[in-house]
Amino acid sequence: MSVPCVAVERERGEAVRARLADADLLDGDHEIAVDDGTIYVPVVDPSAVPADLADRIVERDAAERDRPRTPADLLGYEPSLERLGDIVILDEDDDERTREIADAVMASDLPCATVLNRASPIEGELRVRAWDVLAGNGTETVHREYGHEFALDVAEVYFSPRLATERHRVIERVDPGESVVDMFAGVGPYAVPMATRGADVVACDLNETAIAYLEENAERNGVTDRVTAVAGDVRETTAAYAESADRLVMNLPHSADAFLDTAVSLAGDDCVVHYYDIQHEDDPFGPGERAIRAAAGDAYDVAVETERVVRSYAPHEYNVCLDVRLTRT
């Protein structure tokens with residue numbers, strides 16, 4: 001098939017390709033070719049090619065690029081999908097559309113072993129939900145995130161891949177030798193990478209299945225010696241770690257305020273708290289800061305180092321994080 005190409009000397013090829021890519025002019029459906037010292041770069045709109053390259057535009061037969069088939073290619077529209085390991089997650093109410101999307105996912109080249117549809121909201125003390133299995137035969141997977149592996153069962157534990165960037169932001173702040181308490185650790189997406197950075201981490205969770213996966217994930221990632229897994233309510237299981245933490249992770253945004261007295265009891269002389277909250281857009285950070293200050297009382301000076309909107313949670317509500325330093329007075 002004849003397509004417009006920018007033809008330049010081979011030694012200039014990468015620089016010209018990069019310029020065209022920056023201008024969003026590359027034709028991704030056709031292959032770049034080299035012939036007798038000239039490189040031919042297919043473009044989508046020859047009229048938009050920079051003026052100094054305009055005299056280099058030629059028509060040339062170009063091979064079609066072998067591109068993976070996506071669900072959108074098969075459906076004719078872009079479905080809303082979420083990836084978690086080799087599971088694809090849908091959130092659809094219409095049964096016919098749900099089946100159509102699941103079939104397209106399995107027929108596409110998307111790496112996928114299972115397609116699930118959310119069948120309930122997150123419920124209960126353990127924050128899990130029900131699922132409809134549309135394809136495949138299980139709810140267990142291994143998720144990879146910033147070089148770490150996390151085994152989990154989405155029907156038994158809470159895990160959100162959407163928080164990967166936020167987790168990485170916090171993890172990057174950890175220094176070797178820190179003592180960390182992850183108060184609601186789940187399968188270890190904070191605890192395990194923090195241990196990889198050289199911290200000693202006490203990782204607590206009420207969900208015994210999550211703790212079992214946490215222990216497996218510590219082993220998977222080679223940090224068993226730096227992760228202590230504790231099953232049970234953090235308010236009842238952590239007295240041995242009082243006044244020891246250099247850093248606390250409080251990722252239980254609907255009710256973390258109920259655990260602030262425990263957090264203060266765990267804090268060392270200088271402790272950073274990553275406190276997650278869900279609040280109205282009119283005052284997303286104020287309630288959390290006031291609750292932390294009330295819990296700290298006269299025992300600690302409280303300094304808010306970062307106020308961050310993590311994501312929109314619901315209309316007019318934000319999931320936020322406050323990074324707060326507690327310094328013993």
Side-chain angles (χ1 to χ4, degrees), residues 127 145-146 148 150 158-206 210 214 223 226-228 230 234-235 238 241-279 284-296 300-311 313 318-328:
R127 302 171 69 206
E145 184 172 298
Y146 288 98
H148 295 86
F150 301 99
Y158 173 81
F159 188 94
S160 174
R162 298 177 186 177
L163 298 177
T165 300
E166 170 61 16
R167 287 192 284 262
H168 187 62
R169 178 190 74 86
V170 171
I171 290 159
E172 286 287 289
R173 293 177 149 206
V174 174
D175 292 322
E178 284 191 7
S179 295
V180 179
V181 179
D182 187 350
M183 296 174 63
F184 318 103
V187 301
Y190 284 96
V192 167
M194 286 179 168
T196 300
R197 289 182 64 86
D200 293 309
V201 185
V202 176
C204 310
D205 204 278
L206 191 63
L214 170 64
V223 292
R226 289 197 293 276
V227 175
T228 301
V230 180
V234 67
R235 292 170 292 195
T238 54
Y241 306 102
E243 301 184 357
S244 68
D246 302 311
R247 190 176 301 272
L248 294 165
V249 180
M250 301 186 69
N251 187 20
L252 192 67
H254 286 285
S255 54
D257 58 332
F259 296 82
L260 278 169
D261 287 345
T262 300
V264 171
S265 74
L266 290 167
D269 291 340
D270 184 53
C271 179
V272 174
V273 182
H274 303 286
Y275 178 87
Y276 290 88
D277 202 0
I278 291 174
Q279 293 293 344
F285 304 108
E289 180 178 350
R290 289 190 289 273
I292 294 168
R293 291 187 182 280
Y300 288 90
D301 289 330
V302 177
V304 178
E305 297 186 337
T306 307
E307 295 179 339
R308 174 178 167 80
V309 173
V310 176
R311 58 175 174 166
Y313 179 76
Y318 292 134
N319 179 189
V320 301
C321 180
L322 290 89
D323 300 328
V324 178
R325 184 173 297 274
L326 302 180
T327 306
R328 195 180 301 277

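Below, all heavy atoms of this structure are taken into account, side chains as well, without hydrogens, waters or symmetry copies.
No side-chain N or O of Thr306 forms a donor-acceptor pair with one of Arg169 less than 3.5 Å apart.
In this structure, the separation between OH on Tyr146 and OG1 on Thr165 is 4.0 Å, given to the nearest 0.5 Å. Between atom OH of residue Tyr300 and atom CG of residue Leu326 there is a gap of 6.5 Å, rounded to the nearest 0.5 Å. The CZ atom of Phe259 lies 3.5 Å from the CZ atom of Arg235; values are rounded to the nearest 0.5 Å. Within the model, atoms CZ of Arg173 and CD1 of Ile171 stand 12.5 Å from one another, a figure rounded to the nearest 0.5 Å.
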Report task. Could you walk me through whether Asp270 and Arg325 pass side chain to side chain contact (heavy atoms under 4.5 Å, CB included), step by step? Result -> CA-CA 7 Å; Asp270 184 53; Arg325 184 173 297 274; 2.8 Å; yes
Requested in this report: Apply side chain to side chain contact (heavy atoms under 4.5 Å, CB included) to Glu289 and Val302, showing your working.
Outcome: CA-CA 9 Å; Glu289 180 178 350; Val302 177; 5.5 Å; no
Query raised in the report: Should Leu260 and Tyr275 be marked as a side chain to side chain contact (heavy atoms under 4.5 Å, CB included) after you check the CA-CA gap, both sets of side-chain angles, and the distance that decides it?
Result: CA-CA 9 Å; Leu260 278 169; Tyr275 178 87; 3.9 Å; yes
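Sorted by first and then second residue, the salt bridge (Lys or Arg N to Asp or Glu O under 4.0 Å) pairs with a member in residues 245-266 read Glu178-Arg247; sequence neighbours excluded.
Between His254 and Tyr313, the ring planes lie perpendicular to each other; the angle is over 60°, past the 30° to 60° tilted range. Between Phe159 and Phe150, the ring planes lie tilted relative to each other; the angle falls in the 30° to 60° range.
In this structure, the side chain of Arg197 engages the main chain of Glu172 through a donor-acceptor pair within 3.5 Å. Listed for the Asn319 side chain is no donor-acceptor partner under 3.5 Å among the backbone atoms of Ile278. Judged purely by atom type and a 3.5 angstrom limit, Tyr276 has no side-chain atom pairing as donor or acceptor with the backbone of Val310.
Shown here is Tyr318, whose OH atom has no more than 12 heavy atoms of other residues, nucleotides or ligands within 6.0 Å.
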